[in-house]
Structures are given as C-alpha cells and as structure tokens.
Number of protein chains: 2
Amino acid sequence: MSILDAHGKALTDYPRPSVAVDTAVLTVADEALCVALVERDGGRRLPGTFLHEEELLAEAVARSLRDRAGLRGVVPRQLHVFDAVDRDDRGRVLSVAHLIALPSSALHDVDLVPVVEAHGLDFDHDAIVERAVDALRESYAERPDPAGILGPEFTLLELHRLHSAIDPTTAQKDTFRRAMLPHLDGLDRLQEGVIGKPARLFRRR
Amino acid sequence: MSILDAHGKALTDYPRPSVAVDTAVLTVADEALCVALVERDGGRRLPGTFLHEEELLAEAVARSLRDRAGLRGVVPRQLHVFDAVDRDDRGRVLSVAHLIALPSSALHDVDLVPVVEAHGLDFDHDAIVERAVDALRESYAERPDPAGILGPEFTLLELHRLHSAIDPTTAQKDTFRRAMLPHLDGLDRLQEGVIGKPARLFRRR
DNA sequence: GGAATAGTGTCTGTGAGACACTATTAG
DNA sequence: CTAATAGTGTCTCACAGACACTATTCC
C-alpha cells in the first residue's frame, strides 16, 4: 500500500470517492414484473451498501441482500456506474448499479412493487430500474429463462408465462415454442396432476 | 461532507478504493481496426487516469486523452467496472473501462496497434479491449457510423469500407446498402474527382 | 363423450443475402 | 470505344408470426 508514484505520493494521498452498489432485484409475482424496494428516511430505494476494502462488487451486492432475504448464490450483473457529482448529499458517491433476477419465493421482508408503479425513488434509482428492466428483457428475448427463475425443469407453458410477464411483447405460444426449442432439452417425463394433456418437461440446454 | 450516518460516522471515515478510468480508443487505420496504446514501465496499456474529486467519469476520460492527442469533444461510452482486488499492486483500484471511437486523423503521439495484435497488455486491459471491440461492433451492426468517424458526409463505399474494417462479417455492398439506406439522407450532391461513376453523398439521418 | 390443455401442419409475408445486370462517369 | 465504379432488378431461402387443426389426458 505504500508504493509511491511519479510524484512521490501513495494512492491514498489522493482524494477518493466513496463507492456504493445498488441492486435492482427483479422477480415475477402474480404475472407482473416486480422490483424489490426498501423504505428509508421516508423514501423508497433499491437495496444497496458501500463497498468494503478487499471486497468485490459482487460480494458487496450479495452482502447487501443477505440480511434482507435469505438469498442463496446470487449472480449479480453489472449495469452501469452512476456518477453525478451531486447524486448523494453526504459527499461524492459513485454507485455501481446491478441487476439480479430471482424467483419471488426466494425473497422475504421486502416490498415487491410492479415496475410500472416504481417511480419517484430516491437518488437516481428510477434510472437504475429502467436499465435493469431493459437488460432483463434483452437477455430473455433470446434464451429461455437465463436467470433460472423457474428452476431446472419446467414446461413450455410455465416458460411462456414467465417470459410474457417480463416482456408483454413476447410471441404467442407456437412461435415462442419454436424459438425456444433449440435451446432446450426435452426430458422423457411429463407434468403430473394437471387438468388436460400433461406437458413435457424441459431443461435449459 | 460532514453529514453523519446511523453510526455517527461520515462517509470519509470509511475506507475507500481509488477509482481509475481506462479508455480503449479505437480507430480505423489502413483498413484495420486499431487501438491506441501507451508505453509505461516497459509494458503496454490503455490510456487512463485517476478520477478527481468533483469530476465526472466522462471528464476524467477526456482529461486523460487531452494531453496525448488534440482530442475535441469526445463522447466516451462506459463499458464495465473491473474490480479484482489484486488488479493493481499499488492498492485497491477500481477501473471503469470506457470506449471512444475516432478518426485516426484526430490521434497524435500514440501507438496505434491493430486489435488482433493487441495482447499481453498490463493489468486487465486485454479484457477491456475485447469488450470495447464487441461493443463497437454491436453499435455499428445496426446504424451507419454511429461514432461519426467519417464526418458528416460520406459515400456508401466509404461507409462500407469503414464497417467492414470494424467487423469483417459485414454484408457485401448491395445488402449493406439496403440495410443502411433507411438511416441515411441522400444529398443531391456527388463525389468529385474520382475514377468511374461518382457516388452520391449521404448524411446520417 | 366433454373439457381442457399440449403440440404441430401449413400458409403468408418479410427480409437478408447473393448474383448479375444496367447506369454513369472519365479519358 | 474502354475502364472503372455506382446502383438496382430479381431470385432464393429462411424464418417469424398467425391460424387452425390434431393429440392426449382427466373426468
């Protein structure tokens, strides 16, 4: 830590910003795409924390979410650094925005708000939600449930419902089926205990 | 700066990482996609600097490039934060990677190296170049010269050559023309002083 | 059989890609 | 005229999207 630069100073002799992580935790509940919000100082915001020394950004994201919900191995995706000088009046704070997608069953003790109603958040968190939704839709447009919200096995109806909740412009079932089949392995097992013809189970390829 | 948190401490009482910006400056020279590199301590790396207080990331990028080349209004695009704990042995340094694309005529006093030969760079700069090239190709796939490398007016041959240098899988001239025309305004002026039929000039829509 | 859902045959339109032709200029 | 490059008519192929039909299960 005491390595000096060309001016005879260590890195820690220069002013440094604080670095935070803020995470848009997205999920689907009741057929609606929702984001997890926390209440703080009378406002609503995304869960976040400050980056610790010797900690990766992904670890800080995991730490910030571990308390609020029994979150297992989360795999945050980095979205963007928000760097407006006045975005936090406690000082210069950069926020590295992240995205996580999870089944709603994995979340506890958080407010789930449909993204269409999640406006007026603190800081620049509206913009983070917007980026997160765009990124999620893009990733779901090409591949079946890339975040693994459904677990390892699912029917095409379940998959179609999930994709339609995430993006209402998702194609209807027959087109959707043909687009997704190349990325799926069909199992030789069927759904059980349902009305109508039982559907085949699939795994992601 | 003296606002206290729930533990009675100000933000500056917590350890903070240093934040750097590193920029992949991409250009096309001699029909080849090139990246600008600087020599330092016997290694090659991307131009970069540390973020100053009260400075935006884009401003730090502009500052780091202003010295090395008479760079006008650059519009850096943010790519990714590299956060490995040991990526810089002077201490904990986050690097926010950026991309800029410019005409090679705007660059002076830098080494231009074809991206296919730009390996073995310092830190994690190989990965930054890879991300930058991917991002540039993606942006050029849909729109004509979105970075404005060619200036305001150009022929379709010039545009095609540029796109082909950036991405060798670019379609051939007729398909390329039809794909790009919806995003172009044809002028009523023609190229002058050339062999063969003079080409029409276009502007980005 | 009837209800319910799974899965598919097939038609249409669109558009990428390639080939080869025509058009326009200089000399 | 020839050389050289610009620009386009047109064919093929693939595929998204939609409709409607068939298939399979439980009751």
Side-chain angles (χ1 to χ4, degrees), chain A residues 28 30-31 137-146 149-205, chain B residues 28 30-31 137-146 149-205:
Chain A
V28 172
D30 297 331
E31 311 272 293
R137 286 190 175 147
E138 210 167 300
S139 69
Y140 271 70
E142 293 298 318
R143 317 217 116 243
D145 186 23
I149 291 181
L150 290 179
E153 300 181 2
F154 44 81
T155 67
L156 272 161
L157 178 58
E158 291 165 345
L159 187 68
H160 188 234
R161 276 212 252 263
L162 174 66
H163 281 244
S164 299
I166 289 171
D167 185 350
T169 72
T170 299
Q172 61 195 61
K173 69 163 188 172
D174 50 357
T175 304
F176 179 79
R177 179 188 191 89
R178 282 185 256 251
M180 290 301 161
L181 272 181
H183 305 114
L184 294 173
D185 281 326
L187 307 183
D188 288 331
R189 286 185 296 117
L190 302 179
Q191 214 181 15
E192 288 177 10
V194 290
I195 301 174
K197 177 174 172 178
R200 178 185 282 239
L201 292 172
F202 291 86
R203 285 177 176 274
R204 277 170 284 272
R205 172 149 305 191
Chain B
V28 172
D30 297 331
E31 309 272 296
R137 286 189 176 148
E138 210 168 299
S139 70
Y140 271 70
E142 293 297 318
R143 317 216 116 243
D145 187 23
I149 290 181
L150 290 178
E153 300 181 2
F154 43 82
T155 67
L156 271 160
L157 178 59
E158 292 165 344
L159 187 67
H160 188 234
R161 275 211 252 264
L162 173 66
H163 281 245
S164 299
I166 289 171
D167 185 351
T169 72
T170 298
Q172 63 195 59
K173 70 163 187 170
D174 50 357
T175 303
F176 179 79
R177 180 188 191 87
R178 283 185 255 250
M180 290 300 162
L181 272 182
H183 306 114
L184 294 173
D185 282 326
L187 307 182
D188 289 332
R189 287 184 298 119
L190 301 179
Q191 214 181 15
E192 287 177 12
V194 289
I195 302 174
K197 177 176 173 178
R200 176 185 283 237
L201 293 172
F202 291 86
R203 285 177 175 272
R204 277 171 284 272
R205 171 148 307 190

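These values consider heavy atoms only, across backbone and side chains, with no hydrogens, waters or symmetry-generated copies. Every chain is numbered from 1, with letters handed out A, B, ... down the list of sequences.
At least one side-chain heavy atom of B/Arg161 sits under 4.5 Å from a side-chain heavy atom of B/Glu31.
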All N/O donor-acceptor pairs, side-chain side in residues 187-196 of chain A, below 3.5 Å, sequence neighbours left out:
unit_1: A/Arg189; atom_1: NH2; unit_2: A/Glu153; atom_2: OE1; d: 2.8
unit_1: A/Arg189; atom_1: NH2; unit_2: A/Glu153; atom_2: OE2; d: 2.7
unit_1: A/Gln191; atom_1: OE1; unit_2: A/Ala199; atom_2: N; d: 3.1

Name the pairs: protein N/O against N/O of nucleotides 14-18 of chain C, kept only if under 3.5 Å.
unit_1: C/dA18; atom_1: OP2; unit_2: B/Gln172; atom_2: OE1; d: 3.4
unit_1: C/dA18; atom_1: N7; unit_2: B/Asp174; atom_2: OD2; d: 3.1
unit_1: C/dA18; atom_1: N6; unit_2: B/Arg178; atom_2: NH2; d: 2.9

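Among the protein residues, B/Leu157 comes within range of the sugar-phosphate backbone only, with heavy atoms under 4.0 Å from sugar or phosphate atoms but none that close to a base. Within 4.0 Å (heavy atoms only), A/Arg177 reaches at least one base atom of the nucleic acid.
Comparing A/Lys173 and A/Lys197 against DNA chain D, the residue whose closest nucleotide sits nearer the 5' end is A/Lys173. Looking at which nucleotide of DNA chain D each of A/Gly196 and B/Pro198 is closest to, the 5′-most match is held by B/Pro198. Annotation: of the two residues near DNA chain C, A/Thr155 and B/Leu190, the 5′-most nearest-nucleotide partner is A/Thr155.
Interatomic distance, OG1 of A/Thr170 versus CE of A/Met180, reported as 7.5 Å (0.5 Å rounding). Considering NZ of B/Lys173 and OG of B/Ser164, their distance stands at 12.5 Å, rounded to 0.5 Å. Considering CZ of B/Arg177 and CG of B/Leu184, their distance stands at 9.5 Å, rounded to 0.5 Å.
When rounded to the nearest whole Å, the span between CD1 of A/Ile195 and C1' of C/dT5 equals 10 Å.
Side-chain N or O atoms of B/Asp145 include one that pairs as donor or acceptor with a backbone N or O of B/Leu150 at under 3.5 Å. For the pair B/His160 (side chain) and B/Ala171 (backbone), a donor-acceptor distance under 3.5 Å is present.
A salt bridge links A/Arg205 to A/Asp185: at least one charged side-chain nitrogen sits closer than 4.0 Å to a carboxylate oxygen.
With a cutoff of under 4.0 Å to any heavy atom of chain B, the contacted region of DNA chain D is bounded 5' to 3' by D/dA4 to D/dT10.
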